Structures are given as C-alpha cells and as structure tokens.
Protein chains: 2
Amino acid sequence: MTDQTDLRLTPQRMAVLEVLRAAHDHPTAAEVYEQVRRTSPRIGSATVYRTLALLVSTGQALELSLGGGAAARYDANTCRHDHAVCEGCGRAVDLDHPVPDGMMAEIARRSGFAITGYDLQFRGICPDCQAQGAGSIRVGGPASPQ
Amino acid sequence: MTDQTDLRLTPQRMAVLEVLRAAHDHPTAAEVYEQVRRTSPRIGSATVYRTLALLVSTGQALELSLGGGAAARYDANTCRHDHAVCEGCGRAVDLDHPVPDGMMAEIARRSGFAITGYDLQFRGICPDCQAQGAGSIRVGGPASPQ
DNA sequence: AGTGATACTGAGATTCGTTCTCAAATGACG
DNA sequence: CGTCATTTGAGAACGAATCTCAGTATCACT
C-alpha cells in the first residue's frame, strides 16, 4: 500500500465504490460488504476491507470513527464536511460548516504540529429521537454499543 | 449502569482513577490495566474496563476515539478540550481552543439536532516526528494501526 | 498466442480490543 | 452476625479488522 506501482480497477473495486457512492447513510464496512454481495456474491470480506482502505488512502472516500466501540463508517462524499451523530439512534448526518480559517493556523502555532486536517463531530439528539421522547434515551450510549 | 442506586468506592476503582489522574499521556485501557497491576496485581482487565466506562459515564473521565482501529484512550482531564493527534507516532496532545460560541447554535439550528457536545481532533505531524523526517511517514496511518 | 511477472482475490485463520458470564468475595446496614 | 445487593476476577465469547496463502486474473513483451 505504500508503493503502489500499478493499481487495477477490478470489478470488485468498482462494485465497492458503486455501493459506497449510492449509499447516503455512512455505511459500515459490514454494511458495504452485505450490499456488494447482492451483485457480487462471490466477493470476500477481506476484499471489501482492502478496497475501502484503498479508497480512503487515495482520497476517494472518508473514514469516520464515530466514537465508542462502533465500527468505522465510510463516506463517498470527500468534500470537507463534518457530522452530527445522534446519541439516540447512532445515525450520522452531514454538516457543511467550515471551521474558521484562523483556527487551524492558531492550533498549528500553539502546538507546533504540522496540521494536515481535522475531524469534528457533534453529538446530540436527532429530530426523530427528540420526537419520540428525548427523556428516555438510554444512558449507555448509542443504540448499538457493541 | 443505567440506574445505579448504590455506587461503591472500592480499592480497585480508586486505583484506576489514581492511575488515570497521574497519567498525562491519554493511556489506552490496556495501558491503564498494566499500570494498575503494579499496585493491585490481582485486578482483572474486566474491572479496569468496567471502571473506565463508569468513570466516563459519571463524567470523571473522557473517552477519546482517535480514529482508525486504534484502541480508545482515556483522559482524566474533564474540562472541555480538544486534541491534536500525530499521524506519525499516534500520540495525542491536549489543546484548549474553544469552538466559537455561535457555531454550535448554528449547527443546532441547521440540523435540528439538540446538540449536547462535540469532539474535535486535529491531525498532523508532531514536532518530534517532523524533526526525524516528516517525509518518511508511513502511509498506512499511525504507528500502531491495529 | 505464449510466457513470465505482478497485482488481486477469496476463504479461513488470527489478532486484538472489548464485553459478557457467573461463581465467589466484599461491603453496607440493620 | 446475617442478609442482600454490588463488585470482582477468570476466562469465554464476541465483533471488527487484518493477515496468510494458494489460486486467479491481468499486464508487458515477444
């Protein structure tokens, strides 16, 4: 992965990318796998994981780690954007609210880091979950803790 | 965990909290476990995990999911603060740079979410890693991908 | 077309972090 | 001192992700 001299666009890779592009709900690798199997029943999970990692490393997909022990989620929308994660149902919705320009420069100056990017996630209760009783949200976290 | 009527401050819990308070490097659960064993050799890892989760749920510790397949890290500094994660060595340093007040209100208004908080992590190369050749950072991610 | 080199795949095993199970231990309190 | 809920520790179990490796597909070149 560090020194790809030749990258092939195989049917499997196309299938994964297609599924990811078609999905708008930030699927996990397992969900992508399940979906891809409908059209390519012989594909292996390793291939899906490999392809996802490849897409991320070539900038064609984003990997979201939405906290907790939850599985990583993937997003074909590669424009800079953030997410709001619902503490009730675990879903994530897209936001496009840029972090103020000066902020990154400020952080870089203070920390000495060469900043290459950032991940920003808001936590809260989505409108749906608010509707069905925000008071009854289980304390343990999102719907699928593990 | 949802309805604790009686919470005991056991020696094990004190030991975990002590270790976490003494550590300033955002240890993983495994690191906390290893450290706690020096003073309480008979403690089990389950207890450490349980206690860590308990501390998080009672607001006495923060859980950081620093992306990738990396293990969760814990932080006894419960004041609102963010982190810069080094893509070279995987370490995280504290930052205290508040997100502008108006921003959360703005997000809440646009998304319809009842925002309860946020997680902000900057990615970059720490001064140390910059010094020893920032060009040679492995592409796959932090030092210990999994 | 034929050949060798290289990249890719799929199945299953493996690793690792984390949670679960359950009997035994502990602590609180009358 | 007895009771009862809480907590503990050992190990099993789990799920996500990665690794291994033999087999397959594709490329470059003749």
Side-chain angles (χ1 to χ4, degrees), chain A residues 1-17 26-34 36-37 39-58 61 63-74 90 138 140-146, chain B residues 1-17 26-34 36-37 39-58 63-74 90 138-146:
Chain A
M1 199 187 296
T2 54
D3 198 315
Q4 292 290 359
T5 55
D6 180 22
L7 269 183
R8 293 178 190 168
L9 186 52
T10 65
Q12 290 90 340
R13 289 177 179 176
M14 287 180 63
V16 170
L17 188 51
H26 312 91
T28 62
E31 285 162 359
V32 172
Y33 175 45
E34 194 181 336
V36 171
R37 279 222 282 186
T39 54
S40 315
R42 299 196 38 74
I43 200 171
S45 63
T47 300
V48 173
Y49 277 96
R50 273 186 300 234
T51 303
L52 252 12
L54 190 64
L55 291 176
V56 169
S57 80
T58 59
E63 188 190 61
L64 323 176
S65 329
L66 303 183
R73 291 176 175 273
Y74 294 86
R138 48 225 144 298
S144 54
Q146 146 85 272
Chain B
M1 203 185 303
T2 53
D3 198 314
Q4 292 290 359
T5 54
D6 180 22
L7 268 183
R8 292 179 193 167
L9 186 51
T10 64
Q12 290 90 340
R13 287 177 181 174
M14 287 180 63
V16 169
L17 188 49
H26 312 90
T28 62
E31 284 161 0
V32 172
Y33 176 45
E34 195 181 335
V36 170
R37 280 222 282 185
T39 54
S40 315
R42 297 194 39 74
I43 200 171
S45 63
T47 301
V48 172
Y49 278 97
R50 272 185 300 233
T51 304
L52 252 12
L54 190 63
L55 291 175
V56 169
S57 80
T58 59
E63 189 191 60
L64 323 176
S65 329
L66 303 183
R73 290 174 176 275
Y74 295 86
R138 48 225 145 298
V139 179
S144 57
Q146 149 87 264

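Bear in mind that the values here come from a model prediction, so they are computed numbers and not experimental data. The chains referred to below are lettered A, B, ... by the order of the sequence lines, with proteins before strands, and numbering in each begins at 1.
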[X] has an atom [atom1]; how far is it from atom [atom2] of [N], in whole Å?
{"X": "Leu64(A)", "N": "dA17(D)", "atom1": "CG", "atom2": "P", "result": "12 Å"}
{"X": "Tyr74(A)", "N": "dA16(D)", "atom1": "OH", "atom2": "P", "result": "12 Å"}
{"X": "Tyr33(A)", "N": "dA17(D)", "atom1": "OH", "atom2": "P", "result": "14 Å"}
{"X": "Leu54(B)", "N": "dT7(D)", "atom1": "CG", "atom2": "P", "result": "8 Å"}
{"X": "Ile43(A)", "N": "dT24(D)", "atom1": "CD1", "atom2": "P", "result": "18 Å"}
{"X": "Leu9(A)", "N": "dC27(D)", "atom1": "CG", "atom2": "P", "result": "10 Å"}
{"X": "Arg13(A)", "N": "dA25(D)", "atom1": "CZ", "atom2": "P", "result": "16 Å"}
{"X": "Glu63(A)", "N": "dT18(D)", "atom1": "CD", "atom2": "C1'", "result": "13 Å"}

When you measure from the side-chain N and O atoms of [X] to the phosphate of [N], is any distance below 4.0 Å, counting only OP1 and OP2?
{"X": "Tyr49(A)", "N": "dT18(D)", "result": "no"}
{"X": "Gln12(B)", "N": "dG9(D)", "result": "yes"}
{"X": "Thr47(B)", "N": "dG9(D)", "result": "yes"}
{"X": "Thr10(A)", "N": "dT9(C)", "result": "yes"}
{"X": "Arg50(A)", "N": "dT18(D)", "result": "no"}

Please give me the minimum heavy-atom distance between Gly44(A) and Tyr33(A), naming the atom from each residue.
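In terms of heavy atoms, the two residues are closest at C-CE1, 3.7 Å.
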Is there a side-chain contact between Tyr74(A) and Glu63(A), using heavy atoms and a 4.5 Å cut-off?
yes
For residues Leu52(A) and Val56(A), determine if any side-chain heavy atom of one lies less than 4.5 Å from a side-chain heavy atom of the other.
no
For the side chain of Ala46(B), starting at C-beta, report the closest nucleotide among dG17(C), dG11(D), dA17(D).
dG11(D)
Pick the nucleotide of DNA chain C nearest each of Pro11(B) and Ser45(B); which residue has the one closer to the 5' end?
Ser45(B)
Position toward the 5' end of DNA chain C (nearest nucleotide), Arg42(A) or Thr28(B)
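The answer here is Arg42(A).
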Could you tell me whether the side chain of Arg8(A) has a donor or acceptor atom within less than 3.5 Å of a complementary atom in the base of dT6(C)?
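When only heavy-atom distances are counted, Arg8(A) does reach the base of dT6(C) through a donor-acceptor pair under 3.5 Å.
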Applying a 4.0 Å non-hydrogen cut-off, can you work out what Ala29(B) is touching in the nucleic acid: base, sugar-phosphate, or nothing?
sugar-phosphate
Worked verdict on Leu54(B) versus Leu7(B) for side chain to side chain contact (heavy atoms under 4.5 Å, CB included)
CA-CA 10 Å; Leu54(B) 190 63; Leu7(B) 268 183; 4.2 Å; yes
Please report the interatomic distance CD(Glu31(B)) to NE2(His26(B)), rounded to the nearest 0.5 Å.
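Answer for the CD-NE2 pair, Glu31(B) versus His26(B), is 11.5 Å.
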